[in-house]
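Letters go in sequence order (proteins before strands), and every chain restarts at 1.
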Protein chains: 2
Amino acid sequence: MNPLDATRALMDGLGSEANVCMKCGSRSIGLCAPLDVAALDDMSGESERHALEPRDAIFHQGDPARHIYTLTEGTARLTRVLPDGRQAVIGFRFAGDILGFTPDKEHAVGAEMLTKGTVCRLDRRRLEHLFRRYPVLERRFLDLCVKELAASQDHILALGRFSAEERVAGFIISLVEAQERRGRVGPVFDLPATRADIGEFLGLTLETVSRAISAFRKRGWIRLHGHSGIEITDRPALMGLGSGEGVHAA
Amino acid sequence: MNPLDATRALMDGLGSEANVCMKCGSRSIGLCAPLDVAALDDMSGESERHALEPRDAIFHQGDPARHIYTLTEGTARLTRVLPDGRQAVIGFRFAGDILGFTPDKEHAVGAEMLTKGTVCRLDRRRLEHLFRRYPVLERRFLDLCVKELAASQDHILALGRFSAEERVAGFIISLVEAQERRGRVGPVFDLPATRADIGEFLGLTLETVSRAISAFRKRGWIRLHGHSGIEITDRPALMGLGSGEGVHAA
DNA sequence: GTTTGTTCTTGATCTACCTCAATCCGCGGG
DNA sequence: CCCGCGGATTGAGGTAGATCAAGAACAAAC
């Protein structure tokens, strides 16, 4: 069921390699950022890397929450399904983000890859040991957690008070900023998700998302390159709309 | 401006009293829950208690975030205002909850009391020292943070996918559960907030909240006692609606 | 008990977004 | 090159909830 099980045999060798962590592209932004070389070496032995394809699940909603994951490459989607089948996208995650920490015994959300990528898997108990050995790691974890909480509050604000266009504009801006924080430059970037995914994230339908994007295009705020490529041509306009400046926007 | 400043003189004596923490009603549910007597004694010297009246601000959006607060008695509201004046209620907080932690230098949200109550104020830097002295405290803080993150995701789900009645039902249920976790029993409990506050929390107008509550009353799911008193007479019905069972609800 | 102000309720209308439906685009395979 | 299919776009009409407006219930002060 879980594709990680299927790929385990293939990847097991990698996990024990001495200095995988040293080569990790997310070393400078993820959980491990504050660790020194010795600690990273230690960490290599505790973690397993897994390569994943688009649409692969990292974990399912309801799975026992035995591991914590770091997304080291690629983009993932956090989803939650309701008893009656409705689905919501809780968030998107990028290289360096942590996935799967929960106070409960089971995952309340599911996580699936949107692109190819890799995750780094850590046993929850071993992480607790690591916390004891490297207090700076626990501090880092707490920081990331508080940051995520702040981001959640932004999203709550957007869902509760923003119009459709404001939400889409804010989403595009936050994506660009997330990419820039990870070193991506250049005017055109890729939407990692379909209109349907974006809609489920923003509490809108895919048609409404599409209409908002079309409106931005017609106003000359963005240019589209294929379905997923977006070039921002009027960033201030987009930012103004997406951050709640309301009708006073320039 | 900040009412804490105004009441400081009045309360300063209290803060230095040796064993305030021992008498603290929130000792068993708040941040300090895992601390032993010696640590609590230590903590007493680091924290200041403040009594607050309804509508008093604990801190304002934009204030420098120099302190962390524990709400020891009463109910508070977290709000956020947008550049154009729109306001959203990000959440409600009860005895034992922590307020005001943020990764930034300024508070991104404001916090105001809805009832009379008391808060316990801790300097952020001193808290870091305490973390070093009592690692169990940092662990506790992390736990509370992760729990809050899970609650935020629930709220995101509700705002994005729930109908007005579902949101109001879910809100009432979550309130009751929060009260019960704090020892409150009995069939009738008080809504801590006005219809307007509830609406701003749920992304609805006060009229829509009122209509939902009226609908529940007409269905015999609740009885009202004055404006804020609610007695739940059909809890399964409310829970079914409020947890996303959709049209299949019994 | 009356007054006064606040909060809540209920009704009528309006609108942003949803829903349903048709067409279009872009990309990979034959 | 053309086909086929999963997305994306665009249009037309419906609806949940917003908005505007009038009263009613409640609470606190006198």
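- Rounding to the nearest 0.5 Å places CZ of A:Arg195 at 9.5 Å from CG of A:Leu206.
- Distance, B:Leu204 CG to C:dC8 C1': 16 Å, rounded to whole Å.
- As rounded to whole Å, 15 Å separates atom P of D:dG7 from atom CG of A:Asp190.
- Residue contacts shown for B:Gly203 are limited to sugar-phosphate atoms, with no base heavy atom under 4.0 Å away.
- For B:Thr205, the side-chain atoms get nearest to D:dT19 when compared with the rest of D:dA8, C:dT19, D:dT19.
- Rounded to 10 degrees, the angle separating the terminal helix axes of the helix from C:dG1-D:dC30 to C:dG30-D:dC1, each built from five base pairs, is 40°.
- Atom CD1 of B:Ile58 sits about 6.0 Å away from atom CG of B:Leu52, to the nearest 0.5 Å.
- Rounded to the nearest 0.5 Å, atoms CZ (A:Arg49) and OG1 (A:Thr118) are 5.0 Å apart.
- In this structure, A:Leu175 and A:Phe94 have side chains that are in contact, with non-hydrogen atoms separated by less than 4.5 Å.
- When distances run from any side-chain atom of B:His227 to the nucleotides C:dC18, D:dG6, D:dC26, the shortest one goes to D:dC26.
- Note on A:Arg55: only backbone sugar-phosphate atoms sit closer than 4.0 angstrom, heavy atoms only; bases stay farther off.
- In the set D:dG11, D:dA8, C:dC17, the nucleotide with an atom closest to the side chain of A:Ser210 is D:dA8.
- For B:Phe162 and B:Phe171, the ring centers are positioned 6.0 Å apart or more.
- B:Leu114 has its CG atom 12 Å from the P atom of C:dT7, to the nearest Å.
- The nearest whole Å value for the distance from the CG atom in B:Asp197 to the P atom in C:dT6 is 15 Å.
- If you take CD on A:Glu53 and NZ on A:Lys116, they are separated by 4.0 Å, rounding to the nearest 0.5 Å.
- With rounding to whole Å, B:Glu207 atom CD is found 14 Å from C:dC14 atom C1'.
- Comparing atom distances between the B:Arg217 side chain and each of C:dT10, D:dG7, D:dT10 picks out C:dT10 as nearest.
- For the pair A:Glu166 CD and C:dC17 P, the computed distance is 9 Å after rounding to whole Å.
- Considering only heavy atoms from C-beta on, B:Val168 comes within 4.5 Å of B:Leu204 through its side chain.
- Between the CG atom of A:Leu206 and the C1' atom of C:dC25 there is a distance of 15 Å, rounded to whole Å.
- Between C:dT10, C:dT7, C:dT9, one nucleotide has an atom nearer to the side chain of B:Leu224 than all others, and that is C:dT9.
- Comparing C:dT9, D:dT10, C:dC17 by their closest approach to the side chain of A:Ser214 singles out D:dT10.
- For A:Phe201 and A:His155, the ring centers are positioned less than 6.0 Å apart.
- Here the nucleotide nearest the side chain of B:Arg211, chosen from C:dC17, D:dA12, C:dG11, is C:dG11.
- In this structure, A:Phe162 and A:His225 both approach DNA chain C, and ranking their closest nucleotides by distance from the 5' end singles out A:Phe162.
- Residue B:Arg195 has a polar side-chain atom (N or O) positioned under 4.0 Å from OP1 or OP2 of C:dC8.
- If you take CG of A:Leu191 and C1' of D:dG7, they are 13 Å apart, rounded to a whole angstrom.
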